[in-house]
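Read through the structure below, which is laid out as structure tokens, and then see the notes.
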2 protein chains.
Amino acid sequence: MTTHTQIRELINRLARLDAASGWAGNLNPTQRSVLGYLARANQFSRSPSHVSDYLGTTRGTTTQSLKSLLQKGYVKEQRSELDKRVISYALTPKGQDIAGSAVPMEDALNALGSNERDALQSALLSTLRNALAKNGGREFGLCKTCIHHREKGGAPYCALLKTALSAEEADQICHEQVPV
Amino acid sequence: MTTHTQIRELINRLARLDAASGWAGNLNPTQRSVLGYLARANQFSRSPSHVSDYLGTTRGTTTQSLKSLLQKGYVKEQRSELDKRVISYALTPKGQDIAGSAVPMEDALNALGSNERDALQSALLSTLRNALAKNGGREFGLCKTCIHHREKGGAPYCALLKTALSAEEADQICHEQVPV
DNA sequence: ACTACTAGTATCGAGTCGAAACTATTGCAA
DNA sequence: TTGCAATAGTTTCGACTCGATACTAGTAGT
């Protein structure tokens, strides 16, 4: 068995364990991923299309997942005024409780030394970047690590969307992010 | 966002990418995982129960997956004579073709330096061990890295099952494996 | 105004998944 | 030896994922 195969297996098993680990709410792995993404994405990146891009599924599937999250009261719709086709989903207080609750795998990662943990994170990130580059996928990094991120009057500013941003927004995931 | 959350996200996204990447055959991610496991497990570790333990799902689900792999001609049943309840699944030649075909994510991992790749593998393995220890899960490591592995007359021997093993078997996954 | 494109939805079929009920076989113990 | 508990595997149910396809509605470009 090659090293590559082993790494792939490890990643898949860890993802499975993570998915199977107890989570609050009546949510399956995909729904939890959607909720987790919405919790960390900025207001310009919370539409069904963005979620599908992030998760690598189709818009049809995402619509279904959002429908069941909506029904369970974890998210709410916000239709855009500017473009009436666009919907941005936001977490309800109930959804925020769940998204902020304890993270599976946390103990397992804590048991790693902090050097090892940093090495793990950077190797995973490189791998993800390489893999995404092959597929034309986006990285979905944080706003503040983007080439379009500026400072304007001491506050964060997006040169692409030509909008001022709150400090909080600069720390969120953005669909348009292009790493520096 | 904490480092832990980021690592979890990276693992989940990579697993999703891996699942979505093109594979031969008409197989979904779970079926591919089952096939991949069967391809690498020894003859004592290829029953529905073992597959469920490995994947962390229930026996019911595994039965369904095996049924569809059987129907598609990728695996075949081998009922045990010793214990008539037990079934061991083996890959057909067609199944071996698929299991041996190109691995998604291979290029992404190749782009990593070999040091970084080794660090990645060992950090992932530690994390998996920690996580499994919490759940009482087994590691499913290779036979030759097990405390029950011996040499007898120059050939591998399992002190638990009290059986001689081929060199090939010593290199396979065993359900009973306990890391040295 | 026409057309191409984009955002989101609905529906289909195959399949996952956990849960629970079920059959067949094996093991243990009174 | 009979009798029961444990084990291996199957079946069925309901909720859901997922890709594919066809659909509606709003937006842009010519």
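A, B, ... follow the sequence lines: proteins, then strands. Residue 1 opens every chain.
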(message) Does a side-chain N or O of A:S68 approach OP1 or OP2 of D:dA15 to a distance below 4.0 Å, or not?
(response) no

(message) Strictly below 4.0 Å: does A:S65 bring a side-chain N or O up to OP1 or OP2 of D:dT17?
(response) yes

(request) When you get a sec, tell me which of C:dC17, D:dA8, C:dT9 is the closest nucleotide to the side chain of B:T61? (result) C:dC17

(message) Does D:dT7 have its OP1 or OP2 closer than 4.0 Å to a side-chain nitrogen or oxygen of B:K84?
(response) no

(message) With a 4.0 Å cutoff (strictly under), does any side-chain N or O of B:Q71 reach OP1 or OP2 of C:dA14?
(response) no

(request) Please report the C-alpha distance between A:T30 and B:R16 in whole Å, then the side-chain angles of each, then the deciding distance to 0.1 Å, and finally whether the side-chain contact (heavy atoms from CB on, under 4.5 Å) criterion is met. (result) CA-CA 10 Å; A:T30 299; B:R16 254 175 202 285; 3.5 Å; yes

(message) At 4.0 Å (heavy atoms only), tell me whether B:Q31 reaches a base, stays on the sugar-phosphate, or touches nothing.
(response) sugar-phosphate

(message) Whole angstroms only, please: what is the NE2-P distance between B:H175 and D:dT7?
(response) 12 Å

(message) Would you say B:R16 places a side-chain N or O within less than 4.0 Å of OP1 or OP2 belonging to D:dC18?
(response) yes

(request) Please figure out whether A:Y89 or B:R85 has its closest DNA chain C nucleotide nearer the 5' end. (result) A:Y89

(request) Indicate whether OP1 or OP2 belonging to D:dT17 is found under 4.0 Å from a side-chain N or O atom of A:R32. (result) no

(message) Quick check on the hydrophobic clustering: are A:L70 and A:V51 connected, directly or via other members, by side-chain heavy-atom contacts under 4.5 Å?
(response) yes

(message) For D:dC16 and A:K72 - does any side-chain N or O of the residue sit under 4.0 Å from the phosphate oxygens OP1/OP2?
(response) yes

(message) Distance check needed: C:dT16 C1' versus B:L69 CG, whole Å only.
(response) 13 Å

(request) Respond yes when some side-chain nitrogen or oxygen of B:S49 is under 4.0 Å from OP1 or OP2 of D:dG9, and no when none is. (result) yes

(message) I want to verify a distance call: between D:dA8, C:dC17, C:dT9, whose nearest atom is closest to the B:T57 side chain?
(response) C:dC17

(request) Without swapping roles, check the side chain of A:T61 against the backbone of A:T57 for a donor-acceptor pair under 3.5 Å. (result) no

(request) Identify whether any heavy atom of A:T62 sits under 4.0 Å from a base atom; if not, whether one sits that close to sugar-phosphate; answer base, sugar-phosphate or nothing. (result) nothing

(request) Using side chain to side chain contact (heavy atoms under 4.5 Å, CB included) as the criterion, point out the one residue from A:I98, A:V34, A:T92 that pairs with A:L69. (result) A:V34

(request) Tell me whether the OP1 or OP2 atom of D:dT17 has a side-chain N or O from B:N28 closer than 4.0 Å. (result) no

(request) Please report the closest heavy-atom contact between A:I87 and A:P48, naming both atoms and the distance. (result) O-CD, 3.6 Å

(message) Under 4.0 Å from OP1 or OP2 of C:dG15: is there any side-chain N or O of B:T30 that close?
(response) no

(request) Could you work out which one of C:dA10, D:dG9, C:dG8 sits closest to the side chain of A:K67? (result) C:dA10

(request) May I ask you to say what A:L82 touches in the nucleic acid, namely base, sugar-phosphate or nothing, with a heavy-atom cut-off under 4.0 Å? (result) sugar-phosphate

(request) May I have the distance from B:N26 (atom CG) to D:dG19 (atom P), rounded to whole angstrom? (result) 13 Å

(request) Calculate the interatomic distance between A:D83 atom CG and C:dC5 atom P; express it in whole Å. (result) 17 Å

(request) Could you tell me whether B:H175 and B:F44 have their ring centroids closer than 6.0 angstrom? (result) no

(request) Round to the nearest Å and state the distance from A:L70 atom CG to C:dG8 atom C1'. (result) 14 Å

(message) Without decimals, in angstroms, what is the distance between B:E77 CD and D:dT10 P?
(response) 7 Å

(request) Would you mind classifying the nucleic acid contact of A:L66 as base, sugar-phosphate or nothing, using non-hydrogen atoms under 4.0 angstrom? (result) nothing

(request) Return no unless some side-chain N or O of A:T58 is found under 4.0 Å from OP1 or OP2 of D:dC18. (result) no

(request) Tell me which nucleotide among C:dT16, D:dA8, C:dG8 gets nearest to the side chain of B:Q64. (result) C:dT16

(message) Nearest whole Å is fine: how far is D:dA25 C1' from A:I87 CD1?
(response) 12 Å

(request) Measure from CZ on A:R79 to P on D:dA25 and round the result to the nearest Å. (result) 12 Å

(request) Could you check A:C143 against A:H149 for side-chain contact (heavy atoms from CB on, under 4.5 Å), going step by step and ending with a plain yes or no? (result) CA-CA 7 Å; A:C143 174; A:H149 185 74; 3.9 Å; yes

